[in-house]
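Heads up: the structure comes next, in structure tokens.
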Amino acid sequence: MVEDFILRAGLAGIAVALVAGPLGCFVVWRRMAYFGDTMAHSALLGVALGFLLDLHPILGVVCVTVAIALLLLALQERAWLASDTLLGILSHAALSLGLVVIGLMAWLRLDLMGFLFGDILAVTMADLAWIGGGGLAVLAVLLWIWRPLLAATVHEDLARAEGVPTFRVRLAFMLLIAVVIALAMKLVGILLITALLIIPAATARRLATTPEAMALWAAVIGALAVVAGLAGSLQLDTPTGPSIVVAAALFFALALLPVRRRARP
Amino acid sequence: MAETLLEARDLSFELGGRRLIDAVDLTVAAGEIITLIGPNGAGKTTLLKLLLGLLDPSAGRVRRRDGLRVGYLPQRLHIDPILPITVARLMTLTVRRPREAVRAALDEVDVARLIDAPVQTLSGGELQRVLLARCLLLDPDLLVLDEPVQGVDFAGEAALYELIAALRSRRGCGVLMVSHDLHLVMAATDHVVCLNHHVCCAGSARSVARDPEYVRLFGARAAEALAIYSHHHDHDHDHAGEVVPLEADGAA
């Protein structure tokens, strides 16, 4: 007999994994792992802002993470600091600012650990509805921009020269990442969200010869990691969010093992 | 006079207070091969991007013929190994074409056998040919090729230039390409523009090679190497095959 809260946790986790897998493929293809991480770290500030302005936390998170992403792009244009330095500064500054602002809001009793590392077992029906609806919306938009986004990922100028509105496509992609961060925050926490984007995608690479197959495999592997991590955490009484990430990492290690038949590209 | 495909007038581009492109005039006509040469950092790629509309000029303008279809071969196309993609898929990233059309385009540049190969397994020369086929798939009026022989071995370079010249003859499209090497491209170009932010000199490959501006930019050695090369062409053949001396133009 599966308890309701476990069922909700499983469904929410699988829903997020199905979205994070394909989106995560673009994150690794575009070498944006730390970019995504920086956006995720700023999510706490979004939560705080949500409380201050009486917005839904998801809306607060989307606004702040997109703002951070735009700030990053603007700063990268200036190019007087290396990209990784810039990411390091913004990532930690945003995370710390979020912690400080929440600390200042003394009347707020937030479960900080829940935000940082996730609290998937506390998912409510309302959360599930948000995650389901939001996830479907993200997938629909991703499907819509799939071809232009892939073209822009292979070569930005080439895509532009051939008529792809690369700026708008890139903006839409960033918005999708922001929404997934907002959706996944409750599950694995802002510190581990990037893992859900990247590890299943990287694991899927070995199994795929087309971009689409890689995206599908990433979704499947992510969902399997959620189920395995959830089951493992119940069995071993370990924190669930990190257990899911550990499960994903184990799948990744497993995928490294057998395949040596094909010559490496 | 062939139809003008693309025309730049008084084109300038500034970045961070530096004038990368300075009052450049350039015209490309149908069926014509124009080669852009110049030292590293001379603004060759920047000029192409201005002509393609990827950058906005600080001054001057670019006029393109209405409905001009451009095939662009960018300078560097590195596809990370994490992205699984085959040649056929690379070819149809922005256009949907049936597989036969993709194969036909690849066949035109002699690499049809690579249609299902992962892009990362291609050699430098194979990748450049695939990218050229990719341009052909768009049925272009104008090919814009940024260092098309990059990463290609020496023998392959000459073959690729021959191929580009053959495509021009077969399809009647205009070609604007960047090359680092005047003497290899010499046989395959109608007009050479030597760029160092501004147009230093322009004309036939021979006249550019003799131009003091070219010698100053590339050094006497390059000019001499070219003289040795053009030595092989210090005569011409009439239609009966008899050797006839060239005009004074032939002496380098």
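Below, each value reflects all heavy atoms present in this structure, side chains not excepted, and no hydrogens, waters or symmetry copies. Protein chains get the first letters and strands the later ones, always in sequence-line order, with residue 1 at the start of each.
Using a distance-only test at 3.5 Å, with no hydrogens or angles considered, no donor-acceptor pair links the side chain of A:His155 to the main chain of B:His78. Side-chain N or O atoms of A:Arg160 include none that pairs as donor or acceptor with a backbone N or O of B:Leu52 at under 3.5 Å.
Residues satisfying the side-chain hydrogen bond (donor to acceptor under 3.5 Å, both in side chains) test with A:Ser233, not counting sequence neighbours, are A:Thr240.
Note on B:Leu77, B:Leu122, B:Thr86, B:Leu73: by heavy-atom pairs under 4.5 Å with chain A, the leading option is B:Leu77.
Neither the backbone nor the side chain of B:Val144 comes within contact range of chain A, judged by heavy atoms closer than 4.5 Å. In this structure, chain A has a heavy atom under 4.5 Å from the side chain of B:Ile79, while its backbone stays farther away. Proximity to chain A is limited to the side chain of B:Leu90, based on heavy atoms less than 4.5 angstrom apart. Contact of A:Val28 with chain B is made through backbone and side chain together, with heavy-atom distances under 4.5 Å.
For the pair B:Lys49 and A:Asp157, the minimum side-chain heavy-atom distance is below 4.5 Å. Contact annotation: the side chain of A:Met214 approaches that of B:Ile82 to within less than 4.5 Å [non-hydrogen atoms, C-beta and beyond]. B:Arg69 has its side chain out of reach of A:Glu162: every pair of non-hydrogen atoms, C-beta onward, lies at least 4.5 Å apart. The closest side-chain heavy-atom distance from B:Leu83 to A:Val154 is below 4.5 Å. Looking only at side-chain heavy atoms (C-beta outward), A:Leu158 and B:Pro74 come within less than 4.5 Å of each other.
Within 6.0 Å of CZ in B:Arg9 there are more than 12 heavy atoms belonging to other residues, nucleotides or ligands.
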